[in-house]
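Down below is the structure, laid out as structure tokens.
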Amino acid sequence: MTNKIIGLDLGFSNTKASCNGDTVVFPSVIGTPSVLKDVQHLSSYSLLDDLFIEYEQKVFYLGKKAIRETTNHQFTLYTDKADFIADKANFLTAIGLMMKEDSIWECDIVTGLPVHEYLAMPQLQNKIKNNLTGIFDFTFRGESKTICIDNVHLILQGAGSYYDYILDEEGNIIKEHVSPKVVLIDIGFKTTNIITMEYAKFIGKESGTLYTATKDIHNEIKKQIFKTYHLNYDLTQIDEIAKKQSIEYKGKTISISSIIEESSAMYAEKIIAELPIILPNLNDIHYFILSGGGNEFIYPYLKKHLHQVICSPRPQLSNACGYEKYGLFLKKNKVRT
């Protein structure tokens with residue numbers, strides 16, 4: 001059995017995975033059904049809208065199914081996203097999607113941690129590696145599956161976007177993409193990670209984590225919708241509303257693009273103001289790569305203030321795809337981490 005490489009981005013808002021040309025994205029929302037239905041029965045919803053898993057004798061609904069059919073659904077907002085049973089159910093669901101009809105896989109996983117936690121908490125790295133390594137038996141949408149995870153490579157969250165840019169699909173270096181000094185701005189749900197790479201070498205003193213991120217924009221959107229329309233949504237719903245840029249109000253579809261623009265501008269300015277704390281010499285940077293799910297909100301404002309901003313062509317998936325490419329690079333070059 002070939003040992004596969006899975007790039008796994010366990011985001012606070014969305015879970016993303018990449019393996020052998022396949023990618024999946026679903027909301028990192030999990031809940032338990034109050035009345036247990038026949039979990040062997042598949043609904044008429046599409047695959048990604050009907051995610052459920054049984055692990056350690058507990059049933060969990062995930063993503064849109066959790067939002068739609070449970071009253072206790074929530075985002076996972078802990079840094080260690082593989083510590084509790086529910087968190088493990090989340091990453092096993094991503095793997096179950098990648099496995100498709102297969103019942104047994106053996107793999108290595110590459111995933112990431114925010115810069116601050118990665119640099120300041122080595123014990124957390126070991127804990128996550130231990131929690132993700134081993135043999136896991138679970139039932140995914142009524143089908144029994146087993147995954148054997150041999151190795152977990154933990155790197156900087158956001159560095160995946162860099163590797164997605166400088167490595168090809170087989171893990172080979174694209175030499176013309178390696179530049180003197182590049183800064184990754186990875187705008188996630190809970191954190192914005194700033195990573196400086198010089199000729200593909202990590203520069204720790206010019207890297208860090210900002211805690212202004214997509215959640216702040218979503219909270220502002222939520223607040224403004226309530227103020228204007230007296231509609232109260234939770235954060236799991238705001239993500240979808242922000243994508244549609246509209247709400248249903250008194251039988252009509254109302255555009256909220258102006259609310260989104262104003263909320264985005266407010267926090268984009270905050271991120272721009274905080275950048276010099278981590279990057280004292282903005283003008284010696286060759287170019288910036290912008291990625292992450294919050295990219296769509298922030299990009300129009302960052303490109304006005306920074307020179308040479310490259311927007312990742314797949315911002316939401318770039319970390320997961322880059323993690324997989326990095327794993328392929330390690331395997332091809334027999335590099336140990």
Side-chain angles (χ1 to χ4, degrees), residues 7-18 23 25 28 75 77 79 81 110-120 128 153-167 177 179 181-198 200-218 239 264 267-268 270-279 282 285-303 305-306 308-326:
L8 191 59
D9 183 5
L10 298 169
F12 293 109
S13 176
N14 289 282
T15 296
K16 289 82 68 178
S18 175
T23 57
V25 181
S28 299
F75 283 123
L77 293 176
T79 299
K81 296 178 285 292
V110 183
T111 189
L113 259 182
V115 177
H116 174 73
E117 283 82 359
Y118 184 91
L119 296 177
I128 291 176
H153 304 290
L154 200 61
I155 64 174
L156 294 157
Q157 190 171 301
S161 298
Y162 180 72
Y163 294 122
D164 191 34
Y165 183 69
I166 71 162
L167 299 175
H177 286 187
S179 297
K181 198 169 188 179
V182 179
V183 169
L184 278 293
I185 303 177
D186 181 51
I187 304 167
F189 183 71
K190 190 181 179 185
T191 59
T192 295
N193 287 288
I194 312 298
I195 297 173
T196 300
M197 307 290 276
E198 194 161 7
K201 182 181 178 181
F202 172 62
I203 308 299
K205 65 180 181 180
E206 294 183 40
S207 301
T209 300
L210 302 177
Y211 291 92
T212 301
T214 308
K215 72 178 188 311
D216 300 294
I217 298 171
H218 282 191
D239 187 51
S264 300
Y267 287 98
K270 195 167 186 292
I271 289 174
I272 290 164
E274 292 173 342
L275 275 180
I277 299 170
I278 296 172
L279 302 170
L282 287 171
I285 294 161
H286 195 71
Y287 56 83
F288 299 83
I289 299 176
L290 186 61
S291 68
N295 164 29
E296 60 184 307
F297 300 111
I298 304 297
Y299 175 67
Y301 305 97
L302 284 184
K303 70 178 183 180
H305 291 82
L306 303 174
Q308 288 293 99
V309 178
I310 298 172
C311 187
S312 170
R314 46 184 177 187
Q316 192 175 38
L317 280 162
S318 59
N319 265 321
C321 294
Y323 291 156
E324 182 193 4
K325 289 180 180 183
Y326 182 70

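- Using modelled atom types, one finds a donor on one side chain and an acceptor on the other under 3.5 Å when comparing Asn193 with Thr209.
- Expressed to the nearest 0.5 Å, how far CG of Leu8 lies from CG of Asn319 amounts to 11.0 Å.
- Among residues two or more places apart in sequence or in another chain, the side-chain contact (heavy atoms from CB on, under 4.5 Å) test is passed with Glu296 by none.
- If you take CG on Leu210 and CD1 on Ile277, they are separated by 7.0 Å, rounding to the nearest 0.5 Å.
- No donor-acceptor pair closer than 3.5 Å links the side chain of Tyr323 to the backbone N or O of Ala17.
- Every residue two or more places apart in sequence or in another chain was checked for a ring pair (Phe, Tyr, Trp, His ring centres under 6.0 Å) with Tyr267, and none qualifies.
- Taking the side chain as every heavy atom from C-beta outward, Val182 and Tyr162 approach each other to under 4.5 Å.
- The side chain to side chain donor-acceptor pair (under 3.5 Å) test applied to Thr212 returns Lys270, Glu274, not counting sequence neighbours.
- Take Ser264 and apply the side chain to side chain donor-acceptor pair (under 3.5 Å) test, not counting sequence neighbours, and it matches no residue.
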Intermediate values then yes/no, side chain to side chain contact (heavy atoms under 4.5 Å, CB included), Ile187 and Leu290: CA-CA 8 Å; Ile187 304 167; Leu290 186 61; 3.5 Å; yes
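- Minimum heavy-atom separation, Gln157 to Gly112: OE1-O, 3.8 Å.
- The side chain to side chain donor-acceptor pair (under 3.5 Å) test applied to Lys303 returns no partner, not counting sequence neighbours.
- Checked against side-chain contact (heavy atoms from CB on, under 4.5 Å), Leu167 has the following partners two or more places apart in sequence or in another chain: Tyr163, Ile173, Lys325, Phe329.
- Checking side-chain atoms of Ser28 against main-chain N and O of Thr15 turns up a donor-acceptor pair under 3.5 Å.
- In this structure, CD1 on Ile185 lies 9.0 Å from OG on Ser291, to the nearest 0.5 angstrom.
- For Thr214 against Gly294, the heavy-atom pair with the smallest separation is OG1-CA, 3.2 Å.
- Thr23 and Ser18 share no donor-acceptor pair across their side chains, judged by distance under 3.5 Å alone.
- Leu156 is not listed as a side-chain neighbour of Leu184, based on a closest heavy-atom distance of 4.5 Å or more.
- Shown here are the salt bridge (charged side-chain N to carboxylate O under 4.0 Å, His left out) partners of Asp216, two or more places apart in sequence or in another chain: there are none.
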Output side-chain donor-acceptor pairs under 3.5 Å for residues 308-318, partner residues at least two apart or in another chain, one line each.
unit_1, atom_1, unit_2, atom_2, d
Ser312, OG, Arg314, N, 3.4
Arg314, NE, Asp164, OD2, 3.2
Arg314, NH2, Asp164, OD1, 2.6
Ser318, OG, Ser161, OG, 2.8
Ser318, OG, Pro315, O, 3.2

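- Considering NZ of Lys16 and OG1 of Thr111, their distance stands at 10.0 Å, rounded to 0.5 Å.
- Put simply, CD1 on Ile271 and OG1 on Thr192 are 4.0 Å apart, with the number rounded to the nearest 0.5 Å.
- Counting heavy atoms from C-beta outward, Leu275 and Val183 have side chains that stay 4.5 Å or more apart.
- Nearest approach of Leu302 to Ile272, heavy atoms of both residues: CD2-CG1, 3.4 Å.
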Test side chain to side chain contact (heavy atoms under 4.5 Å, CB included) applied to Thr196 and Ile278, step by step: CA-CA 10 Å; Thr196 300; Ile278 296 172; 5.8 Å; no
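- Shown here are the salt bridge (charged side-chain N to carboxylate O under 4.0 Å, His left out) partners of Asp186, two or more places apart in sequence or in another chain: there are none.
- Taking every heavy atom of both residues into account, Ile195 and Gly158 meet most closely at CD1-C, 3.6 Å.
- Residues passing the ring pair (Phe, Tyr, Trp, His ring centres under 6.0 Å) test with His177 are Tyr165, sequence neighbours excluded.
- For His305 and Phe288, the distance between ring centers is not under 6.0 angstrom.
- Rounded to the nearest 0.5 angstrom, Glu206 CD and Leu282 CG are separated by 9.5 Å.
- With sequence neighbours left out, Glu198 forms a side-chain contact (heavy atoms from CB on, under 4.5 Å) with Ile203.
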